[in-house]
Amino acid sequence: MAQTSEPDVLVIGAGPAGAMAAALLAQKGYSVLVMEKQHFPRFSIGESLLAYAAQMLLDANMFDAVLSGGFQYKNGAVFDWEDKHEEFNFADKVTPGLGFTFQVQRGKFDHILAKEAERFGATVRYGVTITGMTPGAPPKVTCKTEAGDTETYSPKFVLDASGFGRTLARMLDLEKPSAFSPRAARFAWVKDAIPAGTFDRQKIRVGISPKDRDIWSWLIPFPDGHSSLGMVASTEQFQRYKGTDEEKYWGMISDEPALRSLLKDAHTVRPVGEIIGFAANVKTLHGPGYALLGNAAEFLDPVFSSGVTIALHSATLAAGLLDRTFKGGTPNWQTEFQEPLMFGVETFRTFVTGWYDLSLQDVIFYPEKSWQIHKMICSVLAGYVWDPKNPYNGPQSGRRLRALAAMCKDGTAHKIEVGNLS
Ligand code: FAD
């Protein structure tokens, strides 16, 4: 495809969604211009990936670059609540695909992906903020450089991958309140000082507060003795903690004694950060000349580390549809982008809902689950939520998970015949 002054595709934001879309489209020969308002590497929260994310990076020819980043190998997740401990190894899943992934410092990881997009031929410009957009054919985009210059573009299509910037959602009045009640996270990196051999660094540890089962922590080890450590609570519970940022942080952690004891010699190596009210939604994922990717569309909750996986999957779907469009096709963005994407998002929504109403926690800690059910749940936790063959995926996931949770509660879940799941 000849490079013209107007790009085929203008991408807003060079996070995982934007870099993935740009890399895939550039590999197909299209001209792609990515506008990123920050300079990379920059800090981002969201360090625990899922196995399906690694599979998508492999399919997009970016896996070797990620591997060269020296990130922490990750093979699953462990859930701890009081004396209960449940492990999920991603390899124990029903959906084909990679059974491992990485725990990544996002500044470095996102920069690697953006550099990969450039290697494939995309142009990435840093320090440029999108300030206006008129949908249409073609759409018209305005941006501002750090020098204060205004530029306008009329690409064939715009992909909004601006994450929590939510650029088009705000500009085009697409915002819709999330159905989840507001929650907040307090987090930092710590020198964890966990003695070697006493803790599995190849898994994310999700800890549940003994006082309130809807308050939980993440511990995401990196390979250098540091970990990302964060706590999530409702905005009301969050306000209970008083003092300096450090005092509030360690106060929350101390409410989970097993975690506090694991980290008894730990100290922070980054300032404590907070995000309050992260759940977000939109009315539509597409319109004339544009589509929304990743967090620029919806964000559910961090508990199942689904954000980057959804970002990469949405970018993969959109790049495929644009390829068909540029070859003369007329794909339907509702039935071929929004609805297929939502199939997997609904799965995560079911799991997040079940986490906070505690029914999923009952399933996770049920001691005698059938091995096949364990593997189906594990596939979801590994990010393979778009596999229609897994009964716990898609629009039926809520009904099936509630039925499973009820059987766990009355102690009959081990009797489930997997072939009879309706
Ligand atoms: P982003 O990564 O946010 O990238 C968007 C980019 O767009 C940014 O670089 C930004 O500078 C740029 N931008 C914004 N506005 C503009 C503009 N107007 N013009 C130009 N550029 C712009 N996900 C996981 O997978 N695993 C986790 O463990 C995890 N933990 C989380 C913990 C918390 C507390 C929260 C809140 C989220 C967590 N997430 C996690 C979610 C994860 O951070 C996001 O889902 C992920 O970063 C989304 O990627 P993205 O590419 O859509 O957006």
Side-chain angles (χ1 to χ4, degrees), residues 10-22 33-54 56 74 77 101-107 109-111 113-114 117 124-133 141-146 158-171 180 182-188 204-206 216-220 228-233 238 273-280 292-315 318 345 348 383:
L10 188 147
V11 181
I12 311 174
M20 174 62 117
L33 177 59
V34 184
M35 299 297 204
E36 166 56 54
K37 75 172 178 190
Q38 299 187 67
H39 289 269
F40 281 19
R42 52 93 178 93
F43 176 81
S44 172
I45 197 71
E47 295 127 330
S48 166
L49 303 186
L50 301 182
Y52 179 48
M56 285 186 279
K74 171 185 174 186
T101 187
F102 303 100
Q103 291 161 172
V104 300
Q105 295 90 334
R106 283 285 302 280
F109 174 77
D110 288 13
H111 201 193
L113 299 195
V124 182
R125 287 182 60 195
Y126 294 96
V128 184
T129 304
I130 301 302
T131 52
M133 142 91 181
V141 179
T142 313
C143 56
K144 198 155 199 155
T145 68
E146 281 171 336
V158 174
L159 291 174
D160 180 7
S162 62
F164 292 112
R166 306 186 62 70
T167 304
L168 295 193
R170 290 181 213 273
M171 284 175 189
F180 290 118
R183 292 186 184 274
R186 198 167 269 141
F187 50 85
I204 181 175
R205 176 192 185 277
V206 176
W216 61 274
S217 63
W218 76 72
L219 180 64
I220 303 172
S228 170
L229 171 64
M231 303 285 305
V232 176
F238 208 66
E274 280 184 10
I275 301 184
I276 298 178
F278 37 67
L292 310 183
L293 309 181
N295 273 178
E298 181 169 9
F299 182 68
L300 300 170
D301 190 272
V303 64
F304 297 116
S305 306
S306 59
V308 171
T309 298
I310 293 172
L312 297 180
H313 188 76
S314 65
V345 173
F348 281 127

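Read the numbers this way: they start at 1 and go in the same order the structure lists the ligands and their atoms.
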> Taking only heavy atoms of V308, which atoms of ligand 1 are found under 4.0 Å from at least one of them?
Replying inline: 23 (N), 24 (C), 25 (O), 45 (O)

>> Test your reading of the model: is there a side-chain donor-acceptor pair from T309 to the backbone of G383, 3.5 Å cut-off?
In response: no

>> Tell me whether the rings of Y52 and H313 are parallel (<30°), tilted (30 to 60°) or perpendicular (>60°).
In response: tilted

>> Suppose we measure from atom 31 (C) of ligand 1 to each protein heavy atom; which comes out shortest, and what is that distance?
In response: P302 CB, 3.5 Å

>> I need the contact type for E47 against ligand 1. Using non-hydrogen atoms and a strict under-4.0 Å cut-off, is it side chain, backbone, both or neither?
In response: backbone

>> Out of all atoms in ligand 1, which are within 4.0 Å of some heavy atom of S48? Include the element for each.
In response: 24 (C), 25 (O), 26 (N), 27 (C), 28 (O)

> Are the side chain of R205 and the backbone of S217 linked by a donor-acceptor contact shorter than 3.5 Å?
Replying inline: no

> What distance do E146 atom CD and K37 atom NZ have between them, rounded to the nearest 0.5 Å?
Replying inline: 11.5 Å

>> Are any of the N/O atoms on T167, whether in the backbone or the side chain, positioned under 3.5 angstrom from an N/O atom of ligand 1?
In response: yes

> So which protein heavy atom does atom 41 (C) of ligand 1 come closest to, and at what separation?
Replying inline: F299 CE1, 3.4 Å

> Got the closest protein heavy atom to atom 30 (N) of ligand 1, with its distance?
Replying inline: G46 CA, 3.3 Å

>> I need the nearest protein heavy-atom contact for atom 3 (O) of ligand 1: residue, atom name and distance, please.
In response: G163 CA, 3.5 Å

> Is any side-chain heavy atom of L50 closer than 4.5 Å to a side-chain heavy atom of F304?
Replying inline: no

>> Among residues at least two apart in sequence or on other chains, which ones pass ring pair (Phe, Tyr, Trp, His ring centres under 6.0 Å) with F102?
In response: F63

>> Side chain or backbone, does S306 bring an N or O within less than 3.5 Å of an N or O on ligand 1?
In response: no

> With a 4.0 Å heavy-atom cut-off (strictly under), which part of A185 contacts ligand 1: side chain, backbone, both or neither?
Replying inline: side chain

>> I need the nearest protein heavy-atom contact for atom 4 (O) of ligand 1: residue, atom name and distance, please.
In response: G15 CA, 3.5 Å

>> Is there a polar contact, in the sense of an N or O pair closer than 3.5 Å, between T309 and ligand 1?
In response: no

> Which ligand 1 atoms, with their elements, are less than 4.0 angstrom from a heavy-atom of G307?
Replying inline: 23 (N), 24 (C), 25 (O), 41 (C), 45 (O)

>> Which heavy atom of Q38 sits nearest to which heavy atom of E36, and what is that distance?
In response: N-OE2, 2.9 Å

> Is a side-chain donor or acceptor of R106 paired with a backbone partner of I45 at a separation under 3.5 angstrom?
Replying inline: yes

> Taking side chain as C-beta onward, heavy atoms only, is F180 less than 4.5 Å from D301?
Replying inline: no

> Where do I310 and E298 land on the side chain to side chain contact (heavy atoms under 4.5 Å, CB included) test, with the steps shown first?
Replying inline: CA-CA 9 Å; I310 293 172; E298 181 169 9; over 6 Å; no

>> Side chain, backbone, both or neither: which applies to F187 and ligand 1 if a contact is any heavy-atom pair less than 4.0 Å apart?
In response: neither

> Can you list the ligand 1 atoms lying under 4.0 Å from a non-hydrogen atom of A161?
Replying inline: 5 (C), 6 (C), 7 (O)

> Who's closest to atom 19 (N) of ligand 1 heavy-atom-wise, of I130, I204, L113?
Replying inline: I130

>> I'd like to know if the side chain of T131 reaches the main chain of T142, judged simply by a donor and an acceptor atom lying under 3.5 Å from each other, with no hydrogens or angles considered.
In response: yes

>> Please determine whether any non-hydrogen atom of I12 lies less than 4.0 Å from an atom of ligand 1.
In response: yes

>> As an exercise, identify every atom of ligand 1 less than 4.0 angstrom from a heavy atom of G294.
In response: 52 (O)

> So which protein heavy atom does atom 6 (C) of ligand 1 come closest to, and at what separation?
Replying inline: E36 OE1, 3.5 Å

>> Check for me whether R106 has a heavy atom closer than 4.0 Å to any atom of ligand 1.
In response: yes

> In the protein, which heavy atom is nearest to atom 21 (N) of ligand 1, and how far is it?
Replying inline: K37 N, 3.1 Å

> What part of A53 sits under 4.0 Å from ligand 1 if we count only heavy atoms: the side chain, the backbone, both or neither?
Replying inline: neither

> Does some side-chain heavy atom of K74 sit less than 4.5 Å from a side-chain heavy atom of L49?
Replying inline: no

>> Before you tell me yes or no, could you show the steps for D160 and I130 under side chain to side chain contact (heavy atoms under 4.5 Å, CB included), namely the whole-Å CA-CA distance, both residues' side-chain angles and the distance that decides it to 0.1 Å?
In response: CA-CA 10 Å; D160 180 7; I130 301 302; over 6 Å; no

> Can you check side chain to side chain contact (heavy atoms under 4.5 Å, CB included) on V232 and F278, steps first, answer last?
Replying inline: CA-CA 11 Å; V232 176; F278 37 67; 4.0 Å; yes

> Of all the atoms in ligand 1, which lie at a distance below 4.0 Å from a heavy atom belonging to M35?
Replying inline: 20 (C), 21 (N)

>> Please list, in number order, the atoms of ligand 1 under 4.0 Å from a heavy atom of G13.
In response: 6 (C), 7 (O), 12 (C), 21 (N)

>> At less than 4.0 angstrom from any non-hydrogen atom of A17, what atoms of ligand 1 do you find?
In response: 51 (O), 52 (O)

> Among protein heavy atoms, which sits nearest to atom 52 (O) of ligand 1, and what does the distance come to when rounded to 0.1 Å?
Replying inline: N295 N, 2.9 Å

> Just heavy atoms, cut-off under 4.0 Å: does I45 contact ligand 1 by side chain, backbone, both, or neither?
Replying inline: both

> Can you say whether the rings of Y126 and F40 are parallel (under 30°), tilted (30 to 60°) or perpendicular (over 60°)?
Replying inline: tilted

> Is V128 in contact with ligand 1, taking contact as a heavy-atom separation below 4.0 Å?
Replying inline: yes

> What is the minimum heavy-atom distance between D110 and G15, and which atoms define it?
Replying inline: OD2-CA, 4.1 Å

>> Could you work out, with side chain to side chain contact (heavy atoms under 4.5 Å, CB included) as the rule, every residue matching A169, not counting sequence neighbours?
In response: R166, L174, E175, V282

> Does ligand 1 have an atom that lies less than 4.0 angstrom from a heavy atom of R42?
Replying inline: yes

>> Between ligand 1 and P16, is the shortest N or O to N or O distance under 3.5 Å?
In response: yes

